[in-house]
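Counting starts at 1 for both ligands and their atoms, following the listed order. This one's a predicted model, so the numbers in the text were calculated from it and none came from an experiment. Only heavy atoms go into these numbers, but all of them, side chains included; no hydrogens, no water, no symmetry mates.
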Amino acid sequence: MKIFTHDNEHAVVVKRSPIEGKGIFAKKNIPANELVMIIKGETITGKECERREEEENNVYIFWNGRYYIDTAMTKKIKYINHNCEPNCDVLERDRDSLNLVSSREIKKGEEITIDYGYDEIYEMCNCTICSK
Ligand SMILES: [Zn+2]
C-alpha cells in the first residue's frame with residue numbers, strides 16, 4: 001500500500017454539478033495516484049447504518065470493509081458524485097477512514113467522481129458517460 005504524505009483537500013471545492021445537486025471539483029491539476037482527501041466521518045455499525053439509511057434517508061455512508069463511515073456532517077466528501085468512468089478510487093485506510101485516491105490525472109475544474117458500485121445507481125445513472 002502506498003504511503004501518502006499529504007492530501008489535496010485544499011484543492012477541492014464544492015460547486016453545483018451537472019450530474020446531480022452539488023459535486024466536488026478540482027481547483028488545480030491533481031496527478032494520478034495522489035491522495036485527494038481522507039474520507040472521515042462518524043464510524044458506525046452496520047445496524048446503525050441500516051437504520052440511518054432507512055429512517056433518515058442518509059445516502060452519505062461509506063464502508064471501509066469493516067465499519068460504516070457516515071459523512072453526512074462533512075463539508076466536502078459527502079457531495080462526491082457517481083460516475084461510470086470515475087477519476088478516483090476509494091481505498092482502504094484504517095478503522096475510521098478511507099483514502100480517496102486519483103486513478104488518473106484530474107484537470108483543474110474537473111468534477112471528482114467515484115463508482116458508487118451498487119446496482120441501483122446504474123439503472124438511472126445521469127453521469128457524464130450515461131447522459132451522452
Ligand atoms: Zn453512468
Side-chain angles (χ1 to χ4, degrees):
M1 199 163 81
K2 185 175 173 183
I3 305 296
F4 297 105
T5 52
H6 70 283
D7 67 60
N8 288 276
E9 185 160 356
H10 60 280
V12 171
V13 60
V14 176
K15 289 198 298 187
R16 279 211 72 78
S17 165
I19 299 176
E20 195 187 317
K22 288 177 179 172
I24 61 174
F25 293 79
K27 272 201 297 194
K28 67 175 182 68
N29 294 346
I30 300 172
N33 301 309
E34 279 285 318
L35 179 62
V36 177
M37 60 187 288
I38 296 167
I39 301 171
K40 244 182 162 337
E42 184 190 353
T43 306
I44 56 175
T45 62
K47 202 172 170 189
E48 176 63 6
C49 170
E50 237 172 82
R51 191 194 67 75
R52 290 185 189 192
E53 284 181 344
E54 277 165 30
E55 289 174 26
E56 299 168 9
N57 268 322
N58 185 330
V59 293
Y60 304 118
I61 301 172
F62 289 77
W63 186 54
N64 67 8
R66 184 146 182 226
Y67 293 95
Y68 294 82
I69 299 169
D70 182 356
T71 65
M73 301 300 283
T74 63
K75 288 190 172 73
K76 290 180 179 175
I77 191 62
K78 66 182 281 194
Y79 293 115
I80 195 165
N81 275 315
H82 164 85
N83 198 303
C84 291
E85 283 183 16
N87 51 25
C88 283
D89 289 318
V90 176
L91 304 178
E92 197 179 322
R93 184 178 170 89
D94 60 25
R95 179 189 181 278
D96 299 301
S97 63
L98 289 153
N99 285 330
L100 180 70
V101 178
S102 53
S103 50
R104 60 170 169 80
E105 188 190 6
I106 303 171
K107 297 275 184 218
K108 180 181 173 184
E110 202 181 318
E111 180 162 4
I112 293 166
T113 55
I114 55 171
D115 185 345
Y116 284 3
Y118 60 87
D119 293 345
E120 293 86 349
I121 192 75
Y122 306 111
E123 287 164 18
M124 283 173 30
C125 189
N126 188 36
C127 84
T128 53
I129 306 303
C130 297
S131 63
K132 254 181 202 161

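Between V12 and the options I24, I80, I106, a side chain to side chain contact (heavy atoms under 4.5 Å, CB included) holds for only I24.
Heavy atoms of other residues, nucleotides or ligands lying less than 6.0 angstrom from NZ of K40 number more than 12. In the displayed structure, K28 atom NZ is contacted under 6.0 Å by more than 12 heavy atoms of other residues, nucleotides or ligands.
Residue pairs meeting the ring pair (Phe, Tyr, Trp, His ring centres under 6.0 Å) criterion with at least one member in residues 75-112, sequence neighbours excluded: H82-Y116, H82-Y122.
Between the side chain of E110 and the main chain of K107, a donor-acceptor pair closer than 3.5 Å is present.
Looking only at protein N/O/S atoms, the ones less than 2.8 Å from the Zn ion (ligand 1) make 4 in total.
Listed here is the closest heavy atom pair of M37 and I77: CE-CB, 3.8 Å.
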